[in-house]
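Worksheet: one structure, shown below.
In what follows, every chain begins at residue 1, and chains take the letters A, B, ... in the order their sequences are listed.
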Protein chains: 4
Amino acid sequence: MFLHIDANNGLAVYDQIVRQIKFSVADGVLAVGELVPSVRELARELTINPNTVARAYRQLQDDEVLESMRGTGLIVSIGARKICLAARKRLIRARLQEVLLEAHHGGLDAEQIQTLFQTELKSLKKKR
Amino acid sequence: MFLHIDANNGLAVYDQIVRQIKFSVADGVLAVGELVPSVRELARELTINPNTVARAYRQLQDDEVLESMRGTGLIVSIGARKICLAARKRLIRARLQEVLLEAHHGGLDAEQIQTLFQTELKSLKKKR
Amino acid sequence: MFLHIDANNGLAVYDQIVRQIKFSVADGVLAVGELVPSVRELARELTINPNTVARAYRQLQDDEVLESMRGTGLIVSIGARKICLAARKRLIRARLQEVLLEAHHGGLDAEQIQTLFQTELKSLKKKR
Amino acid sequence: MFLHIDANNGLAVYDQIVRQIKFSVADGVLAVGELVPSVRELARELTINPNTVARAYRQLQDDEVLESMRGTGLIVSIGARKICLAARKRLIRARLQEVLLEAHHGGLDAEQIQTLFQTELKSLKKKR
DNA sequence: GTGGTCTAGACCACC
DNA sequence: GTGGTCTAGACCACG
């Protein structure tokens, strides 16, 4: 399965699903027109409640990323790729902005922020 | 006032106060031994519930950043500067790590992340 | 084919079939005694599941609009015209009542409702 | 209470709440800035499950009609009036269009539709 | 089998 | 007290 749920993430489980599905579509892991795992199946795999999955899928339908095929399941909608590429950028940017703003408010100058960023990026590469 | 509360920040109001007070101490805006505003005064200034301020101050006392001067109020404790410098670094790092991890999981490579980061950093400088 | 299925209509596909067949009989497009398309044929034409067509036809037999000719198929029953004329009126009335009631509950007065109705009726004529 | 839930309406309960709250705001029954009934209170009054109310309120927040005041409740947002006036018109129009389209497809001409409409409008006035 | 809705009840953070 | 999230389990319409 292509989703990793982290319960102590701060983010709600349903929101993690929403974000990661969007990222998967943006990344091409999920293709347009493809059926996503059924509510019950995904719930079983992630060992969470089906309602939580349903809520995430509902959100994704509101965002026009998924589309309901009655009695069949949910597919990645036609316009999803574009939406998700934009959403991925927007979501990451928003979080970057937050942390930069807080760092700045906290009295760190651009150079210090740069240093921290490079350190973390390197340690991420190493882990990978 | 040196605090900026953003209701739609995701972070709880009390937590924003805690973080920003720590950052102010780290930055030297709040000096060791200085009296912080009273619960009521700060609540009035930020137009938030006094309970929320009280909770933030309680947390700051638990973290040994503030200490109570009986009958006078709360002052920045002697060891606060060191604690807050460390806390600031730790808090910023943690958020940086989160966003980098999510970006990486979302299929962005280091270069793309770099680009986004530089863009945001520049736009932050411009605003300032 | 004389049927138009709209997946995002709110109404179930089988129900759209039922209604439209009744309307076709009321309108005389489908004559009494005429053979309707076979389940498989109609399903192929509308690119929907044969079960869905079968369910619609079952409903129409229950409503005595269609009747089975063993080994031949389903034909429009003798009394169908009368039934369908009544049904058409009843179905349209019911939907009109619903929308009027909701508009009224929503605080629109008769005049405002009239205006909206005339606008929509005109735009319908134009399209036609 | 200003909401009337009809269980056999075809529309989901949560959707009836959404629509009626929007209509109430459009109509001025609910003023901008006003607190709406709490989730638990409304659930009690309508004798439905709090989750159902919560879902409706969530939807209304997505539609920027309501706004969460953490720990306090939900208020009608600043821009809500405009949104709801537009939404009311749009929702009624959509239903009118549906019924007119179906009537037209069903072979009724404009005059017949007019007659039906006038009849229903009169009977509505009488009931009121 | 599928999604959609609803109920019931729990726990959490926040004010 | 408030909303927000999650679990558990039920029923329905649909294909």
Side-chain angles (χ1 to χ4, degrees), chain A residues 5 7-17 35-43 46-61 66-75, chain B residues 7 10-17 39 43 46-56 59, chain C residues 7 10-17 39 43 46-56 59, chain D residues 5 7-17 35-43 46-61 66-75:
Chain A
I5 299 305
N8 330 1
N9 192 358
L11 282 176
V13 174
Y14 84 92
D15 201 26
Q16 294 183 50
I17 298 175
L35 268 170
V36 295
S38 81
V39 169
R40 292 163 173 91
E41 184 187 342
L42 187 53
L46 302 177
T47 58
I48 59 177
N49 191 287
N51 279 330
T52 304
V53 178
R55 175 164 180 189
Y57 280 1
R58 207 184 307 137
Q59 172 82 47
L60 287 163
Q61 286 181 76
L66 297 185
E67 191 170 342
S68 172
M69 306 284 291
R70 304 221 303 209
T72 305
L74 297 166
I75 61 169
Chain B
L11 273 75
V13 174
Y14 89 94
D15 200 28
Q16 294 183 51
I17 298 175
V39 168
L46 302 177
T47 58
I48 59 179
N49 192 305
N51 282 332
T52 306
V53 178
R55 173 159 183 189
Q59 174 79 47
Chain C
L11 273 76
V13 174
Y14 89 94
D15 201 26
Q16 294 183 50
I17 298 174
V39 167
L46 303 177
T47 58
I48 60 178
N49 192 305
N51 282 332
T52 306
V53 178
R55 173 158 182 190
Q59 174 80 45
Chain D
I5 299 305
N8 329 3
N9 192 359
L11 282 176
V13 174
Y14 84 91
D15 201 26
Q16 295 182 50
I17 298 175
L35 268 170
V36 294
S38 82
V39 169
R40 290 163 174 89
E41 184 187 343
L42 187 53
L46 302 177
T47 57
I48 60 178
N49 190 286
N51 278 331
T52 304
V53 178
R55 175 164 180 188
Y57 280 2
R58 207 184 307 137
Q59 173 82 47
L60 286 163
Q61 286 181 75
L66 298 185
E67 190 169 344
S68 170
M69 305 285 290
R70 305 222 302 209
T72 306
L74 296 166
I75 61 170

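Between the base of E:dG3 and the side chain of A:R40 there is a donor-acceptor pair shorter than 3.5 Å.
When rounded to the nearest whole Å, the span between CD of D:Q59 and P of E:dG4 equals 13 Å. Between the CG atom of D:L42 and the C1' atom of F:dG3 there is a distance of 14 Å, rounded to whole Å. For the pair C:Q16 CD and F:dC14 P, the computed distance is 10 Å after rounding to whole Å. In this structure, CG of A:L60 is placed 12 Å from P of E:dG4, rounded to the nearest angstrom. One can place CG of A:L74 at 9 Å from C1' of E:dT2, the figure rounded to the nearest angstrom. Protein atom CG of C:L46 is 12 Å distant from nucleotide atom P of F:dG15, rounded to whole Å. The separation between D:I75 atom CD1 and F:dT2 atom P is 16 Å, rounded to whole Å. Remark: P of E:dC14 and CG of B:D15 are 7 Å apart, rounded to the nearest angstrom.
Candidate nucleotides F:dG15, E:dG3, E:dC15 were compared by shortest atom distance to the side chain of D:R70, and E:dC15 ranks first. When distances run from any side-chain atom of D:N51 to the nucleotides E:dA8, F:dG9, E:dG3, the shortest one goes to E:dA8. When distances run from any side-chain atom of B:A12 to the nucleotides F:dG15, E:dC14, E:dT5, the shortest one goes to E:dC14.
Comparing A:G71 and D:R55 along DNA chain E, the residue whose closest nucleotide (by nearest heavy atom) sits nearer the 5' end is A:G71. Of the residues near DNA chain F, A:T52 and C:I48, the one whose nearest nucleotide (by heavy atom distance) lies more toward the 5' end is A:T52.
As judged by a 4.0 angstrom heavy-atom cut-off over every strand, D:N49 is placed among the base-contacting residues.
Figure legend. E:dT2 is base-paired to F:dA13; pairs are counted as Watson-Crick or G-U wobble with both atom distances under 3.5 Å.
Note that CG of C:N49 is 11.0 Å distant from CE of A:M69, once rounded to the nearest 0.5 Å.
In terms of phosphate contacts, A:T72 brings no side-chain nitrogen or oxygen within less than 4.0 Å of OP1 or OP2 of E:dG1. Between D:S68 and F:dG3, a side-chain N or O to OP1/OP2 separation shorter than 4.0 Å is absent. For D:Y14 and E:dT5, the shortest distance from a side-chain N or O to OP1 or OP2 is below 4.0 Å. Side-chain nitrogen and oxygen atoms of D:Q61 include at least one within less than 4.0 Å of the OP1 or OP2 phosphate oxygen of F:dG4.
When all heavy atoms of D:Q61 and D:E67 are compared, the pair lying nearest together is CG-N, 4.5 Å. Contact record, A:I17 with A:I5: CG1-CD1, 3.8 Å, taken as the closest heavy-atom pair. Residues D:R70 and B:V13 come closest through the heavy atom pair NH2-N, 3.3 Å. Taking each heavy atom of B:P50 and B:A43 in turn, the nearest pair found is CA-CB, 3.7 Å.
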